[in-house]
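Just below is one structure, and these are the notes that go with it.
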Amino acid sequence: MSTNTASESDSGPVFEYDDRPIWSRVVDDPGPAMRWLAVAGALIAVELGAFIGAILTVLDAAFIGVTALFDVLFGLVGLGGLATGVVNFQSSVSGAITGVRDAAESLPTLLSRETIPNQGHMTGPDGPWVDTFLGLEPALAWAIRVLLIVAYSLFAFYWLFQGWLVFRDNYRQADWTPSDDVVDRLRGHRWGQFGIFVLALFLIMALFGPALGPTTVAGNIQSPYSNEIQHFDEEAGEVVTITAGAANFDSKSKGAGDQNVGPMTYDKFERFHPFGTLPNGRDLFTFMMGGARITLIVAGIAIGLSSLIAGSLAMVSAYYTGVVDLSILTTADGIVSVPRLLLLIMISAVFANHWIANVLDGGFLLALIFGFTGWPFLWRAVRGPALQVAQEEWVDAAESFGQGSRTIMRKHMFPYITGYLLVYASMSTGGIIVGLAALSFLGNGLGITPPTPAWGRAVSLGQTYVAGPSWHISFIPGAMIVVLVTGLNALGDGIRDAIDPESQSDEGEEAAAGGGA
C-alpha cells in the first residue's frame with residue numbers, strides 16, 4: 001500500500017492521500033465492502049422487481065426528456081420531418097422500456113400487496129375474513145404492510161448513508177475533505193434532520209405508492225368499472241360481486257346525512273379507507289399516494305433543469321462578466337417580469353395538442369415550464385458566490401497555468417457554488433410543489449390531467465365540504481403539502497447551516513415563515 005502525505009504540520013492534523021486506484025484499495029481490504037454489499041444485496045433481492053421498475057421509470061423519463069428537447073428544437077427551426085422522426089423513435093423506445101418495466105414489476109416481492117393482501121371480504125355477518133393476510137381484518141393487514149414498507153425503506157436509506165461512511169473510512173483517496181465537516185454538522189442539526197426525515201417519507205410514498213395504498217390507482221380511480229370486488233350482502237345473505245365503480249358510487253363523501261366515509265373507517269362494501277373517500281367515492285389514501293409520485297417527479301425534473309441552467313449561467317456570467325453578464329441579467333429580468341401564472345397558462349394553451357402535453361399526464365410539460373421560468377431566481381442566488389470565487393487567486397493561478405475556461409469553471413468554481421445551489425434549490429422546490437397544486441386546484445385544462453391523481457385537485461374537490469363531516473377531503477391533502485414544503489425548507493436551512501456555520505440562525509425560524517413557497 002503506497003500512501004502519500006499531502007501536507008504535514010507540527011501543530012495541525014496530518015492529511016494523507018492514497019493515489020492507488022479504487023479497485024486496488026478494495027482488493028487490499030475487501031472486508032468492509034463485502035459486508036456492506038452483502039446487506040445491500042439482500043435488500044435489493046427482496047424487492048428486485050420494484051427496484052428494476054424504479055430504475056426503468058427514471059430511464060424512461062430521462063429518455064423522454066432528451067427526445068422532447070430535440071423535438072421542440074427541430075420544430076422551432078422548421079424541421080418538421082425530423083421532429084416527427086424523433087417522436088416516432090421516442091414512442092417505440094419508450095414503449096419497449098414500458099414493456100420491460102411492467103414485466104419487472106410483475107415479479108413477486110416481499111412487501112407487495114400480493115404477498116400481504118388487505119382486500120378481502122367476510123363470508124358471513126360475523127366473519128371470518130377471507131383473501132386477506134392471515135385472515136386478518138383489512139385495516140390490520142394494510143397496517144402491517146405499510147409498517148414493513150416504511151421500516152424497510154428507512155433502513156435502506158440508512159444503509160445507503162452507511163455505504164458512504166464505509167467508502168470514506170476505507171477506500172477514499174483523501175482521508176479528509178470539506179464535505180466531511182458539512183456532513184458532521186448536518187448530523188447534529190435537528191431541524192435539518194427533520195427535513196431529511198420528511199423528504200424520505202414522501203420519497204417512500206412516491207416509490208412504494210402502489211403497494212402502500214389499500215387499493216390501486218388503476219382499479220379504484222382510473223378504471224373502476226373494469227375491476228370487481230366481493231362483499232357480504234346482508235340483504236341477500238350471500239357474498240356478491242360488483243364493480244369497484246358501483247361501490248364507489250355508494251361510498252361518496254359529500255357531508256350530508258350518511259353520505260360520508262371518514263378517515264380510518266370501512267364503507268358498506270367492507271373496504272377500509274385510511275383517509276376516507278372523495279366526493280366521487282374513490283379512496284383518498286390511494287389518491288394521495290398516486291399524487292405523491294407525479295408531484296415529486298415533476299418537481300424533481302423542474303428543479304433539476306432550473307439548477308442546471310442557473311448554475312451554468314452563474315459561472316459563465318461570473319467568469320466573463322461585462323456584456324455576457326449584462327445579457328444574462330437582461331434575459332433573467334425579462335422572464336421574471338412576465339407573471340408566472342400567465343406564462344403557465346399561455347404555454348399550456350400553445351402545447352395543448354402537442355404530444356409533450358400527454359407525457360406524464362401533462363406533468364412533463366409543467367416541469368419544462370417550471371424549469372425554464374424558475375432558473376432566474378436560482379441564478380440570482382448563486383451569482384454572488386460565483387462572482388466571489390471568480391476573483392480568487394486560485395482561479396488566476398489556473399489561468400496562468402493555461403487551463404481552459406470550461407476546466408476552470410468545472411474544477412475550480414462549480415464545487416464552490418454547489419452548496420449554495422443545493423440550499424436555494426431545496427427551498428425553491430417547495431414553491432414548485434405549491435404552484436403545481438395551485439394549477440391542479442384551478443383545473444380547466446391546467447395542472448395534471450384527470451383522472452391521474454393530483455393533490456391540488458383533491459383540495460378543490462373538498463372545498464365545498466370543508467366545514468362539515470367531510471372535512472378530510474381538503475384538509476388532509478392541504479396538510480400534506482404544508483408538511484412537505486416545511487420539510488424542504490428545513491432541509492435547506494440544515495444544508496445552509498452545515499455549509500456556513502456562521503450564518504446559523506434560530507432553528508426553524510425562517511422555515512416557519514415558508515420561505516421556499
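Values below: every heavy atom of this structure, side chains too, minus hydrogens, waters and symmetry copies. Owing to the predicted nature of the structure, the values given are computational and were not obtained by experimental measurement.
When side chains are defined from C-beta on, Arg113 does not count as touching Trp142, because their heavy atoms never get closer than 4.5 Å. Counting only heavy atoms from C-beta outward, the side chains of Ile303 and Ser307 approach each other to under 4.5 Å. A heavy-atom distance below 4.5 Å is found between the side chains of Ile52 and Leu56. Residues Ile433 and Leu484 are in side-chain contact: their nearest non-hydrogen atoms beyond the backbone lie under 4.5 Å apart. Ser428 is listed as a side-chain neighbour of Leu378, based on a closest heavy-atom distance under 4.5 Å.
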Ignoring hydrogens and angles, write down the donor-acceptor pairs under 3.5 Å from the side chains of residues 123-132, residues two or more places apart or on other chains.
from   : atom 1 : to     : atom 2 : distance (Å)
Thr123 : OG1    : Pro128 : O      : 3.4
Thr132 : OG1    : Leu136 : N      : 3.3
Thr132 : OG1    : Leu136 : O      : 2.6

Side-chain donor/acceptor pairs under 3.5 Å, residues 147-157, sequence neighbours excluded:
from   : atom 1 : to     : atom 2 : distance (Å)
Tyr152 : OH     : Leu43  : O      : 2.5
Ser153 : OG     : Ile149 : O      : 2.8

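A donor-acceptor contact shorter than 3.5 Å is absent between the side chain of Ser94 and the backbone of Ser91.
Applying the ring-ring contact (aromatic ring centres under 6.0 Å, His included) rule to pairs touching residues 85-122 yields Phe63-Phe89, sequence neighbours excluded. Residue pairs that meet the ring-ring contact (aromatic ring centres under 6.0 Å, His included) test with at least one member in residues 207-240, sequence neighbours left out, are His231-Phe269. Note on residues 266-290: pairs passing salt bridge (Lys or Arg N to Asp or Glu O under 4.0 Å), not counting sequence neighbours, are Asp267-Arg271. Applying the side chain to side chain donor-acceptor pair (under 3.5 Å) test to every pair with at least one member in residues 446-457, sequence neighbours left out, gives these pairs: Asp361-Thr452.
For the ring-ring contact (aromatic ring centres under 6.0 Å, His included) test, residues two or more places apart in sequence or in another chain that qualify with Phe475 are Trp471. With sequence neighbours excluded, the residues satisfying side-chain contact (heavy atoms from CB on, under 4.5 Å) with Met264 are Phe272, Pro274. Here Leu199 pairs with Leu203, Leu488, Leu491 under the side-chain contact (heavy atoms from CB on, under 4.5 Å) rule; sequence neighbours left out. With sequence neighbours excluded, the residues satisfying side-chain contact (heavy atoms from CB on, under 4.5 Å) with Pro210 are Arg293. In this view, Glu234 satisfies the side-chain hydrogen bond (donor to acceptor under 3.5 Å, both in side chains) rule with no residue, not counting sequence neighbours. Here Ser253 pairs with Asn260, Val261, Thr277, Ser470, His472, Ile473 under the side-chain contact (heavy atoms from CB on, under 4.5 Å) rule; sequence neighbours left out.
Between Ile448 and Ala454 the shortest heavy-atom distance is CB-CB, 3.9 Å.
Within 6.0 Å of CZ on Phe275 lie more than 12 heavy atoms contributed by other residues, nucleotides or ligands. Heavy atoms of other residues, nucleotides or ligands lying less than 6.0 angstrom from CZ of Phe197 number 12 at most. By the 6.0 Å contact criterion, OH on Tyr266 is enclosed, its count of non-hydrogen atoms from other residues, nucleotides or ligands being greater than 12.
Ring geometry for Phe194 versus Trp191: interplanar angle under 30°, hence parallel rather than tilted (30 to 60°).
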